[in-house]
Amino acid sequence: MKTSPWAITIALFISATPVLADILISNNTNAYGTAFIRNRLKTSPCSSSLGKGGIANPHQSLKVPDSLLNMFCKVFACEAHIFATNHCNKKIAIVKINTKKHITSIRNLDRKHYLVTGSGSTIQVNQQN
C-alpha cells in the first residue's frame, strides 16, 4: 500500500504541534460551502477533496481542524477562501487568520448574496435577501 506524502506531512504536523482551537464555520445559507487555506508559501486543496467531511451542508457547521490550521497558519498568517458551492468555484469571502488562529479580517466578495462575519475562532456565513 502506497502512503500519500500529504498523509505523512499531516501526521508529522499533528504529532509535533500542540492541540489548540479549531475554527468553526457556521453555514446559515441554502448553499453548500467549501474552502481552501493559503499562506505565502502554499495552498491547501479544496476542502471537498476530503469528501462529505469537507463540505458544509446548508444550515450546518463545519470544523476546520487545528492540525490543518497548524500546517498553514502556525508560522505565517494565512487566508481561508470561502466558497458557496461544493467544489471551491464561487468565492464569497476571504478570511485572514493570524498565527494564533484568530480571525483578523474578513473581505466579503458577494455582499448581494452572502455576508460573512466572524471573530476569534468562529465564522458565520449568512444569506442576504
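Since we're looking at a predicted model, the values are computed, not measured.
Counting only distance, with no hydrogens or angles, the side chain of N98 and the backbone of H102 share a donor-acceptor pair below 3.5 Å. Using modelled atom types, no side-chain atom of D66 and backbone atom of D22 make a donor-acceptor pair closer than 3.5 Å. A donor-acceptor distance shorter than 3.5 angstrom exists from the side chain of Q127 to the backbone of N30, with no hydrogens or angles considered. Looking only at distances, a side-chain donor or acceptor of S44 sits under 3.5 Å from a matching main-chain atom of I37. Using a distance-only test at 3.5 Å, with no hydrogens or angles considered, a donor-acceptor pair links the side chain of T34 to the main chain of T85.
Residues I92 and H113 form no side-chain contact, since every pair of their non-hydrogen atoms from C-beta on lies 4.5 Å or further apart. Between T99 and K74 the shortest side-chain heavy-atom distance does not fall below 4.5 Å. L62 is not listed as a side-chain neighbour of N27, based on a closest heavy-atom distance of 4.5 Å or more.
For the atom pair CD1 (I123) and CD1 (I25), the distance works out to 4.5 Å, reported to the nearest 0.5 Å. Rounded to the nearest 0.5 angstrom, K63 NZ and S121 OG are separated by 10.0 Å. Between the CG atom of N39 and the SG atom of C73 there is a distance of 7.0 Å, given to the nearest 0.5 Å. One finds the CG atom of N86 at 7.0 Å from the OG atom of S48 (value rounded to the nearest 0.5 Å). Atom OG of S47 and atom CD1 of I82 lie 8.5 Å apart (nearest 0.5 Å). Here the straight-line distance linking atom CZ of F72 with atom CG of L41 works out to 10.5 Å at 0.5 Å rounding.
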Carefully, step by step, assess N126 and Y114 under the rule side chain to side chain contact (heavy atoms under 4.5 Å, CB included). CA-CA 6 Å; N126 295 297; Y114 302 97; over 6 Å; no
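For P45 against S49, the heavy-atom pair with the smallest separation is CB-OG, 3.6 Å. Shown here for N108 and V116, the closest heavy-atom pair between the two residues is OD1-N, 2.6 Å.
Side-chain heavy atoms closer than 4.5 Å link hydrophobic residues (I, L, V, M, F, W, Y) into clusters, and following such links, possibly through other members, connects V125 to I103. Linking ILVMFWY residues whenever their side-chain heavy atoms come closer than 4.5 Å, directly or via other members, leaves I94 and L69 in distinct clusters.
A parallel orientation is assigned to the rings of F36 and H81, their planes being inclined by less than 30° (bins at 30° and 60°).
At most 12 non-hydrogen atoms from other residues, nucleotides or ligands lie less than 6.0 angstrom from NZ of K96.
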